[in-house]
K.L.:
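This is the structure, below, for whatever I ask next.
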There are 2 protein chains.
Amino acid sequence: VPLPFQVGVPALEAFPFEIWNRILHRYLKKPSRELLFYGDPGGYMPLRRALASYLTVARAVRCTPEQIIVVSGAQQALDIAARLLLDPGDQAWIEEPGYAGAYWAIVAAGARPVPINVDQDGLNVQQGIARSPRARMIYITPSHQFPLGTTMTLTRRLELLRWAHKSGAWVLEDDYDNEFHYASHPIASLQGLDQSGNVIYLGTFSKIMFASLRLGYMVVAPDLVDGFLRAKAVTDRHCHTIEQAALAEFIIEGHLGRHIRRMRTLYLHRSQVLINAVEKYLGGRVELLRPDAGMHTVAWLPLETDDRKISQLAAADGLQILPLTSFYQKTQQRSGLILGFAGYGDHEIREGIQKLARVLAKVKTQ
Amino acid sequence: VPLPFQVGVPALEAFPFEIWNRILHRYLKKPSRELLFYGDPGGYMPLRRALASYLTVARAVRCTPEQIIVVSGAQQALDIAARLLLDPGDQAWIEEPGYAGAYWAIVAAGARPVPINVDQDGLNVQQGIARSPRARMIYITPSHQFPLGTTMTLTRRLELLRWAHKSGAWVLEDDYDNEFHYASHPIASLQGLDQSGNVIYLGTFSKIMFASLRLGYMVVAPDLVDGFLRAKAVTDRHCHTIEQAALAEFIIEGHLGRHIRRMRTLYLHRSQVLINAVEKYLGGRVELLRPDAGMHTVAWLPLETDDRKISQLAAADGLQILPLTSFYQKTQQRSGLILGFAGYGDHEIREGIQKLARVLAKVKTQ
């Protein structure tokens with residue numbers, strides 16, 4: 001069970017289960033043989049069509065429905081892409097700090113992840129080229145870097161795409177929480193900026209629906225479609241169909257869009273509750289990054305503070321706070337705490353920050 | 001959409017969707033955070049417990065709930081097992097004729113499938129030892145060979161287990177339709193007979209529920225559990241949870257058992273409708289194997305008959321009949337047609353066989 005301030009938890013209590021149930025029930029009442037037997041490895045076509053429309057408008061992704069492959073979450077997209085596009089011994093850039101799921105998918109394919117630092121402009125492309133010039137793949141979260149929250153600048157984006165085009169490396173763009181932005185419109189996707197077909201775009205329903213639904217998608221260039229469909233078929237044939245059908249209708253009828261808009265307002269509110277609570281109870285002890293997007297933020301700790309120790313002590317007090325250093329593979333670790341705020345009510349947030357204040361006080365005096 | 005006599009199609013119209021919906025709806029009405037957030041890579045524990053009880057009683061499988069890993073269908077179990085247990089270049093026995101999904105999972109792991117013949121006693125173990133003595137894995141459907149319907153004899157089973165134990169090869173036992181037997185009780189699982197922990201047991205809900213649900217399971221030896229859980233986590237984290245929770249209740253409350261018992265009666269009836277229709281309309285032109293288990297059977301054709309041609313012509317007439325030769329990788333092909341009967345009503349079966357009679361008449365005269 002997720003506890004404050006576990007990352008990646010949306011406001012599950014605010015999801016319109018009544019509507020979702022009604023739609024699902026309609027599909028399950030007297031389902032056709034088509035919906036019950038094996039389906040297309042790429043996914044249920046009405047869902048792929050709905051996604052293509054959405055991604056074109058909202059993320060400037062360029063694709064047809066046929067280029068979309070429905071997967072059981074972004075992790076499966078990472079796994080399939082790594083297996084298909086990397087050979088044993090190949091190098092692949094990962095973000096430092098970054099998402100461990102990408103690291104493990106690359107390792108499982110027999111390839112070698114090379115951590116490349118992220119700074120205030122996003123992934124340091126020049127460092128990547130210097131450290132790992134023959135990399136075959138780059139895993140990246142350009143809209144909202146995980147876990148630091150940085151947005152990659154346009155200069156860096158063009159730099160990355162130029163290099164990927166020249167070297168023939170694949171770019172896996174993980175757009176995991178692009179739907180939630182509070183200050184301004186999000187920057188368009190890398191995929192839409194790319195001319196070469198090197199970018200594979202990944203999205204998930206874990207944040208805008210719920211994680212246990214296990215549905216996500218990838219968008220691949222037309223000449224990769226056949227290979228990815230075969231890989232998906234060998235991996236597990238296809239994703240559960242009835243939920244895909246219900247999801248297509250949920251999107252088409254505007255329910256998902258409405259839910260996302262409501263969550264944007266709610267998450268902005270919760271981020272402010274967090275900011276206020278941190279100011280009130282932790283004033284001066286951490287430096288909180290004010291989130292302008294996403295569902296979590298970073299509270300920086302003074303250099304040399306043992307964030308893992310704080311995480312352990314907080315766990316004993318009913319909090320799930322990931323230490324920033326656990327997101328690094330090796331270099332230039334900075335100490336901090338990753339605080340998810342989207343999934344917790346005002347009271348939970350305030351109480352959690354008070355508990356954290358007591359933990360920090362203990363660590364200080366030890 | 002599946003048409004007669006597509007294999008693997010259960011009587012979808014007879015599934016108790018009303019009960020299934022009621023249970024699912026209860027879980028979706030006000031789901032807990034636990035059911036909505038990321039779950040255990042091994043699956044939802046109440047489902048694993050229900051499966052362990054069922055498999056112990058019904059299939060003489062020896063396992064604890066912790067040894068069960070819920071997967072999104074048998075294909076994912078094959079894929080994970082092949083990736084984890086085979087190195088590139090390793091050999092693995094497959095049944096000849098046999099299931100193409102196993103062939104492709106082995107190929108995708110970089111290993112080499114070696115086809116070993118099936119005769120009236122099941123897989124020819126001596127031929128396997130002679131052809132591929134260093135194989136690291138055996139894929140097998142001992143209860144009801146796919147597609148021939150043979151049950152492996154006890155002598156052959158013990159022969160296989162002895163050799164696997166001595167050589168350290170893994171046995172993947174795919175028990176895909178063991179629930180349906182008409183003449184006698186099914187023979188117990190290989191897994192239950194094995195003393196060495198070399199057997200990995202696979203089962204699926206695609207036949208006893210519906211394929212688009214995408215749920216199945218594997219049972220692995222205690223010392224393999226950790227590796228398989230990590231592989232499942234890297235592959236796609238875990239399976240969709242709410243459906244697993246509903247399924248656990250569906251099993252525990254006895255609904256699945258009742259459905260299986262009703263289907264046993266229905267499928268026996270349908271197999272007799274098929275037998276009668278074949279006698280009436282195809283008398284003498286094919287030799288039908290009388291099915292005493294499962295959801296399909298074989299209609300043998302005279303030697304040298306082009307079963308692929310018949311399949312093509314039948315497709316033009318609205319039938320989906322797989323030619324037996326398409327299940328062979330290379331050796332000793334016998335000509336025949338695989339006829340699924342479980343998923344089709346009396347009228348559909350009779351009409352389909354009449355259509356097939358017209359097709360066979362055409363091929364004769366060409």
Side-chain angles (χ1 to χ4, degrees), chain A residues 1-3 6 8-10 12-13 15 17-18 20-21 24-25 28-39 44 71-73 75-80 83 88 101 104-105 107-108 110 206 209-216 230-231 233-244 343, chain B residues 1-3 6 8-10 12-13 15 17-18 20-21 24-25 28-39 44 71-73 75-80 83 88 101 104-105 107-108 110 206 209-216 230-231 233-244 343:
Chain A
V1 185
L3 297 168
Q6 169 85 315
V9 186
L12 298 166
E13 76 287 357
F15 186 78
F17 279 105
E18 207 180 305
W20 175 246
N21 284 348
L24 205 53
H25 189 260
L28 273 166
K29 210 164 175 186
K30 233 183 162 359
S32 63
R33 272 188 190 169
E34 189 197 348
L35 282 178
L36 294 175
F37 196 54
Y38 294 109
Y44 186 63
V71 289
S72 55
Q75 187 63 35
Q76 185 173 58
L78 291 172
D79 184 51
I80 290 178
R83 281 178 86 177
W104 287 111
V107 169
S206 294
M209 299 279 291
F210 45 93
S212 76
L213 181 64
R214 308 312 303 131
L215 286 175
R230 291 187 63 181
V234 173
T235 302
D236 63 357
R237 283 177 171 254
H238 66 88
C239 290
H240 36 307
T241 312
I242 300 217
E243 290 75 8
Q244 289 185 67
Chain B
V1 185
L3 297 169
Q6 169 84 317
V9 186
L12 298 166
E13 76 286 357
F15 186 78
F17 278 106
E18 207 180 304
W20 176 245
N21 284 347
L24 205 54
H25 189 259
L28 273 166
K29 209 164 174 187
K30 236 191 162 352
S32 63
R33 273 188 188 169
E34 188 196 350
L35 283 178
L36 295 175
F37 197 53
Y38 294 109
Y44 186 64
V71 290
S72 55
Q75 187 63 34
Q76 185 174 58
L78 292 172
D79 184 51
I80 290 178
R83 282 177 85 178
W104 287 111
V107 168
S206 294
M209 298 277 293
F210 46 93
S212 76
L213 181 65
R214 308 311 303 131
L215 286 175
R230 291 186 63 181
V234 174
T235 302
D236 63 357
R237 283 178 171 254
H238 66 89
C239 290
H240 37 307
T241 312
I242 300 217
E243 289 76 7
Q244 288 185 66

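The sequence lines fix the lettering, A, B, ..., with proteins before strands; numbering per chain opens at 1. Nothing here was measured: the structure is a model prediction, and the numbers come from that model. What you see below is based on every heavy atom in this structure, not just the backbone, and it leaves out hydrogens, waters and symmetry mates.
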K.L.:
Checking heavy atoms, do the side chain of B:Q6, its backbone, both or neither come under 4.5 Å from chain A?
P.N.:
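For B:Q6, the side chain is the part near chain A, not the backbone.
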K.L.:
Using every non-hydrogen atom in the two residues, find where A:S212 and B:F37 come nearest and quote the distance to one decimal.
P.N.:
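In terms of heavy atoms, the two residues are closest at CB-O, 3.5 Å.
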K.L.:
Measure B:A233 against the heavy atoms of chain A and call it side chain, backbone, both or neither at under 4.5 Å.
P.N.:
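Just its backbone gets close to chain A.
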K.L.:
For B:L213, which atoms come within 4.5 Å of any heavy atom of chain A: side chain, backbone, both, or neither?
P.N.:
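Answer is backbone: N, CA, C or O of B:L213 sit under 4.5 Å from chain A.
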K.L.:
Atom OG1 in B:T241, atom CZ in A:F210: separation rounded to 0.5 Å?
P.N.:
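It is 9.0 Å, given to the nearest 0.5 Å.
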K.L.:
Given the rule in the side-chain contact (heavy atoms from CB on, under 4.5 Å) test, do B:I242 and A:E243 qualify, once you have shown the distances and angles that lead to the verdict?
P.N.:
CA-CA 11 Å; B:I242 300 217; A:E243 290 75 8; over 6 Å; no
K.L.:
Report the distance from atom CD of B:E34 to atom CG of A:L12, rounding to the nearest 0.5 Å.
P.N.:
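With rounding to 0.5 Å, CD (B:E34) is 12.0 Å from CG (A:L12).
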K.L.:
Let's test your reading of the structure: which of A:Q244, A:Q75, A:R83 forms the most heavy-atom pairs below 4.5 Å with chain B?
P.N.:
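Greatest number of close heavy-atom pairs with chain B: A:R83.
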K.L.:
Taking B:G343's backbone N and O only, do any of them form a donor-acceptor pair with A:R33's side chain (distance below 3.5 Å, no angle check)?
P.N.:
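A pair under 3.5 Å: yes.
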K.L.:
Counting only heavy atoms closer than 4.5 Å, note whether B:L35 contacts chain A via side chain, backbone, both or neither.
P.N.:
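B:L35 touches chain A through backbone heavy atoms alone.
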K.L.:
Looking at B:W104, B:F15, B:Y38, B:W20, which has the largest count of heavy-atom pairs under 4.5 Å with chain A?
P.N.:
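Most pairs with chain A among the choices: B:Y38.
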K.L.:
Indicate the ring-plane relationship of B:H240 and A:H240, choosing parallel, tilted or perpendicular according to the 30° and 60° boundaries.
P.N.:
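Correct class here is parallel.
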K.L.:
With a 4.5 Å cut-off on heavy-atom pairs, point out which of B:V1, B:L215, B:I80, B:V234 contacts chain A the most.
P.N.:
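Sorted descending by pairs with chain A, the first entry is B:V234.
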K.L.:
What I'd like to find out is whether the side chain of A:F17 reaches to under 4.5 Å of the side chain of B:H25, using heavy atoms alone.
P.N.:
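Answer no - side chains too far apart.
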K.L.:
Taking side chain as C-beta onward, heavy atoms only, is A:T235 less than 4.5 Å from B:D236?
P.N.:
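No, side chains not in contact.
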K.L.:
If you round to the nearest 0.5 Å, how far is CD of B:E13 from NZ of A:K30?
P.N.:
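Reported to 0.5 Å precision, the distance equals 8.5 Å.
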K.L.:
How far does CZ of A:R214 sit from CZ of B:R214, to the nearest 0.5 angstrom?
P.N.:
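Reported to 0.5 Å precision, the distance equals 15.5 Å.
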K.L.:
Tell me, for A:S32 versus chain B, whether the close heavy atoms (under 4.5 Å) come from the side chain, the backbone, both or neither.
P.N.:
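Contact with chain B involves no heavy atom of A:S32 at all.
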K.L.:
Go through the atoms of B:P31 and report whether side chain, backbone, both or neither lie under 4.5 Å from a heavy atom of chain A.
P.N.:
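Contact with chain A involves the side chain of B:P31 alone.
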